[in-house]
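Encoded as structure tokens, the structure appears first; notes follow it.
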Number of protein chains: 2
Amino acid sequence: MSKSNNVYKDAYNRGLRLLDETKSLPSEPELGALLGVSRTTIRTILARMEETGLIAWNKRSKTVLRAPRPDDFFPEEETDTLSQIIERSFMRRLLAGGAEAGMQINELELAREIGVGTTSVREFLIRFSRFGLIEKRRNSHWVLKGFTRAFALELTEIREMFELRSAAAFAALPEDSPVWANLDLLEEEHRLLAREIATRFNEFSELDERFHRLIHRASHNRFIVDFYDVIAMIFHYHYQWNKAQERERNEVAVAEHLAYIAALKSRDLGKVDAACRKHLKSARHTLLTSIPDRAVLPQQ
Amino acid sequence: MSKSNNVYKDAYNRGLRLLDETKSLPSEPELGALLGVSRTTIRTILARMEETGLIAWNKRSKTVLRAPRPDDFFPEEETDTLSQIIERSFMRRLLAGGAEAGMQINELELAREIGVGTTSVREFLIRFSRFGLIEKRRNSHWVLKGFTRAFALELTEIREMFELRSAAAFAALPEDSPVWANLDLLEEEHRLLAREIATRFNEFSELDERFHRLIHRASHNRFIVDFYDVIAMIFHYHYQWNKAQERERNEVAVAEHLAYIAALKSRDLGKVDAACRKHLKSARHTLLTSIPDRAVLPQQ
DNA sequence: AAAATGTTTTTTCACGATAAAAGACATTAT
DNA sequence: ATAATGTCTTTTATCGTGAAAAAACATTTT
């Protein structure tokens with residue numbers, strides 16, 4: 001098995017949802033653009049849709065014959081990227097405890113355990129190394145630095161530096177910049193969420209990421225924008241394992257975001273700075289409280 | 001050819017230099033620690049030294065029989081890591097012009113051109129991507145973002161943010177911290193270099209890196225420390241292709257460093273900030289003047 | 001018994017090979 | 001003649017494999 005066809009399966013599943021909406025599908029290039037895959041993959045998808053009697057396909061005509069049934073979809077787990085699979089396994093191990101700082105990481109063992117080739121694990125570890133949680137010893141193993149309090153503090157230090165700067169840049173953006181419309185939309189989504197927070201509180205993390213990414217983009221600095229990947233990754237897993245007072249925390253965060261948005265709209269740099277600081281402070285606090293306060297090994 | 005033995009060859013060459021100094025070599029573990037390789041490699045080295053009549057080897061006794069001749073050494077180019085080879089080739093292409101922003105990077109083509117496997121090229125590109133010069137399109141090619149003025153400005157923006165913070169942290173370090181001794185040593189080296197700048201100006205870049213790394217380490221933040229890798233990489237190649245007024249530039253930089261060091265020693269945060277800003281400003285200027293002022297593609 | 005040497009096992013690094021996916025080129029339909 | 005479809009080529013993603021290097025274990029020496 002040299003390469004899984006998850007790209008095809010995922011695009012196929014997304015393609016099935018299109019069938020509900022129309023009586024016939026658009027051209028192959030158009031479908032490709034819609035689903036974000038090449039024509040080659042589109043044709044494989046169409047071939048299967050024809051085979052399973054979902055559509056009648058003859059050259060340009062792609063007539064929908066029936067609505068997709070649940071069993072037409074490929075199982076969710078078959079649509080994941082290998083690197084997603086590896087990341088999840090790796091993070092599970094990391095957060096499952098027993099992952100002490102200083103521990104060695106064994107590529108071969110990881111690969112065997114996850115059931116993938118070593119190359120994929122190696123590539124994952126190289127990509128993952130920029131998050132600052134692991135480090136390579138040349139010609140030898142990787143070392144786990146540990147998800148420690150020190151890590152969280154270093155991470156938030158940079159985050160605060162970057163976001164304060166980005167927020168200031170954002171507020172200074174000209175009236176006619178399209179970001180203001182984006183901000184208005186996000187504000188509306190925040191208001192909606194605030195109203196239904198009791199039931200939809202778990203939708204916050206996705207909104208949170210979109211909001212902060214919009215702000216960081218105002219910095220027009222690739223290093224700042226890219227650094228948000230580190231934050232997003234950490235918070236993604238953080239949200240998964242720290243469910244304590246999730247509703248309350250998110251409710252507070254939504255309110256802080258709204259204040260932050262209002263400050264941005266006021267273009268008053270003092271207000272922006274204050275609102276940003278306030279929100280980042282509580283974000284840091286939330287993160288820190290979720291970290292087991294184990295002994296922190298001194299970094300060498 | 002599945003793996004070159006460059007680790008062995010490099011360690012062997014370094015091992016030869018030890019022969020000049022003593023009449024007999026230390027134990028295998030000791031040699032391993034000295035050369036930074038495993039015992040396995042040490043034994044391979046000793047075996048060859050015995051074979052070529054450099055030493056007589058019998059268990060613990062490793063008597064030096066003769067001094068190494070130039071032809072005992074492995075050729076320099078055989079001691080390079082694969083990733084070093086790839087990096088050099090890649091940077092040569094990048095700087096040789098014709099590397100316009102937006103250009104596609106082809107793994108297979110690169111691998112063929114350099115004469116290595118695709119895996120190594122892929123891994124290099126993944127590692128290299130954190131420098132912000134290339135970007136991956138999922139399931140497709142890499143895109144060159146270009147060594148543009150925008151890149152240099154984004155890089156220096158972060159550098160300045162990080163270094164100002166690190167310098168302040170440095171100045172606030174307690175009297176008994178070992179970094180002050182390190183700083184004294186570096187100061188001495190700067191003075192020596194300043195005195196002989198006419199002939200030794202090309203030794204500055206190495207000193208420059210050590211000095212700035214010492215300062216960045218005071219931040220105690222892995223993201224700041226790691227970011228210096230980006231700066232070091234860029235300046236490394238920058239020094240290689242921009243030889244205009246090298247002597248003058250380095251002379252100025254040494255003077256600025258000495259002022260910067262004096263400011264740090266004064267522990268006066270205002271002075272530190274001023275000296276740091278002054279130096280960073282001229283470093284940025286030097287970098288910017290060396291970049292061809294081509295049209296800068298807007299980053300999407 | 002501590003530290004070295006000798007031997008064996010495991011892991012990392014790098015390659016070539018192969019299926020999936022993208023991309024390029026040729027042909028046909030509007 | 002433009003845009004789609006049909007076909008062929010190239011590139012990417014991933015694996016298994018094997019040599020280099022590290023690491024672990026066993027034995028000997030001081």
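In the text below, chain A, chain B and the rest are named by the order of the sequence lines, each starting its count at 1. Excluded from the calculations below are hydrogen atoms, water molecules and symmetry mates; all remaining heavy atoms, backbone and side chain alike, are included.
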Hey, what do you get for CZ (Arg92(A)) to CD1 (Ile114(A)), rounding to the nearest 0.5 Å?
9.0 Å

Nearest atoms (heavy-atom pairs only) where Pro26(B) meets Lys62(B)
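Shortest heavy-atom separation between Pro26(B) and Lys62(B) comes out as O-NZ, 3.1 Å.
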
Nearest heavy-atom neighbours spanning Asp20(B) and Pro68(B):
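Taking Asp20(B) first and Pro68(B) second, the nearest heavy atoms are OD1-CD, 3.6 Å.
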
Give the rounded distance in Å between these two atoms: [atom1] of [X] and [atom2] of [N].
X         : N       : atom1 : atom2 : answer
Leu108(B) : dA13(D) : CG    : C1'   : 12 Å
Arg60(A)  : dT5(D)  : CZ    : C1'   : 6 Å
Leu110(B) : dT12(D) : CG    : P     : 9 Å
Lys136(A) : dC13(C) : NZ    : C1'   : 9 Å
Asn106(B) : dT10(D) : CG    : P     : 11 Å
Arg48(B)  : dA20(D) : CZ    : P     : 14 Å
Asn6(B)   : dC13(C) : CG    : P     : 11 Å
Glu109(A) : dA24(D) : CD    : P     : 12 Å

Audit row: Asp229(A), Arg130(A), salt bridge (charged side-chain N to carboxylate O under 4.0 Å, His left out) steps and yes/no:
CA-CA 10 Å; Asp229(A) 294 344; Arg130(A) 80 192 185 93; 2.7 Å; yes

Any [X] side-chain N or O less than 4.0 Å from OP1/OP2 of [N]:
X         : N       : result
Arg112(B) : dT11(D) : yes
Ser120(A) : dC15(D) : yes
Arg43(B)  : dG6(C)  : yes
Ser4(A)   : dA13(D) : no

Taking the axis from the first five pairs and the axis from the last five, what angle separates them in the helix from dA1(C)-dT30(D) to dT30(C)-dA1(D), rounded to 10 degrees?
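Its terminal axes enclose an angle near 30°.
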
Mind checking whether [X] and [Y] have parallel, tilted or perpendicular rings, split at 30° and 60°?
X         : Y         : result
Tyr228(B) : His216(B) : tilted
Phe147(B) : Phe151(B) : tilted
Tyr8(A)   : Tyr12(A)  : tilted

Would you indicate what [X] reaches in the nucleic acid, counting non-hydrogen atoms under 4.0 angstrom: base, sugar-phosphate, or nothing?
X        : result
Lys62(A) : sugar-phosphate
Lys9(A)  : nothing
Ser27(B) : sugar-phosphate

Contacts of Arg138(A) and Gly117(A) projected onto DNA chain D by closest heavy atom; the upstream (5') one is Gly117(A)

Closest to the 5' end of DNA chain D, once Asn5(B) and Asn139(B) are matched to their nearest nucleotides, is Asn139(B)

Ignoring hydrogens and angles, are the base of [N] and the side chain of [X] linked by a donor-acceptor pair under 3.5 Å?
X        : N       : value
Lys59(A) : dT28(C) : no
Lys3(A)  : dT18(C) : no
Ser2(A)  : dT18(C) : yes

Taking C-beta and beyond as the side chain, do Ile126(A) and Phe124(B) meet within less than 4.5 Å on heavy atoms?
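Side chain of Ile126(A) against side chain of Phe124(B), heavy atoms only: no contact under 4.5 Å found.
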
Side-chain contact, heavy-atom cut-off 4.5 Å: Arg213(B) with Arg210(B)?
no

Expected rows: protein N/O vs nucleotides 23-26 of chain C N/O, under 3.5 Å:
{"from": "dG23(C)", "atom 1": "OP1", "to": "Ser140(B)", "atom 2": "OG", "distance (Å)": "2.9"}
{"from": "dG23(C)", "atom 1": "O6", "to": "Thr40(A)", "atom 2": "OG1", "distance (Å)": "3.1"}

For Glu76(B), does the CD atom sit with more than 12 other heavy atoms under 6.0 Å from it, leaving out its own atoms?
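For Glu76(B), atom CD is not crowded (no more than 12 foreign heavy atoms under 6.0 Å).
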
Side chain to side chain donor-acceptor pair (under 3.5 Å) contacts touching residues 106-115 of chain A (sequence neighbours left out)
Arg93(A)-Glu109(A), Arg93(A)-Glu113(A), Glu107(A)-Arg122(A), Glu107(A)-Trp142(A)

For residues 80-91 of chain A, run the donor-acceptor check on the side chains, cut-off 3.5 Å, and write out each pair with its distance to 0.1 Å, sequence neighbours left out.
{"from": "Asp80(A)", "atom 1": "OD2", "to": "Arg88(A)", "atom 2": "NH2", "distance (Å)": "2.9"}
{"from": "Thr81(A)", "atom 1": "OG1", "to": "Gln84(A)", "atom 2": "OE1", "distance (Å)": "3.3"}
{"from": "Thr81(A)", "atom 1": "OG1", "to": "Arg138(B)", "atom 2": "NH1", "distance (Å)": "3.4"}
{"from": "Gln84(A)", "atom 1": "OE1", "to": "Thr81(A)", "atom 2": "N", "distance (Å)": "2.8"}
{"from": "Glu87(A)", "atom 1": "OE2", "to": "Tyr237(A)", "atom 2": "OH", "distance (Å)": "2.8"}
{"from": "Ser89(A)", "atom 1": "OG", "to": "Ile85(A)", "atom 2": "O", "distance (Å)": "3.2"}

Along DNA chain C (nearest heavy atom to each residue), the more 5'-positioned of Thr118(B) and Thr118(A):
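Nearest-nucleotide comparison on DNA chain C picks Thr118(A).
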
Using atom types as modelled, flag every donor-acceptor pair under 3.5 Å from a side chain in residues 46-58 of chain B to any protein atom, sequence neighbours excluded.
{"from": "Thr52(B)", "atom 1": "OG1", "to": "Arg48(B)", "atom 2": "O", "distance (Å)": "2.9"}
{"from": "Thr52(B)", "atom 1": "OG1", "to": "Met49(B)", "atom 2": "O", "distance (Å)": "3.4"}
{"from": "Trp57(B)", "atom 1": "NE1", "to": "Lys59(B)", "atom 2": "O", "distance (Å)": "3.1"}

Tell me, which of residues 28-37 of chain B have any heavy atom that sits under 4.0 Å from an atom in DNA chain D?
Val37(B)

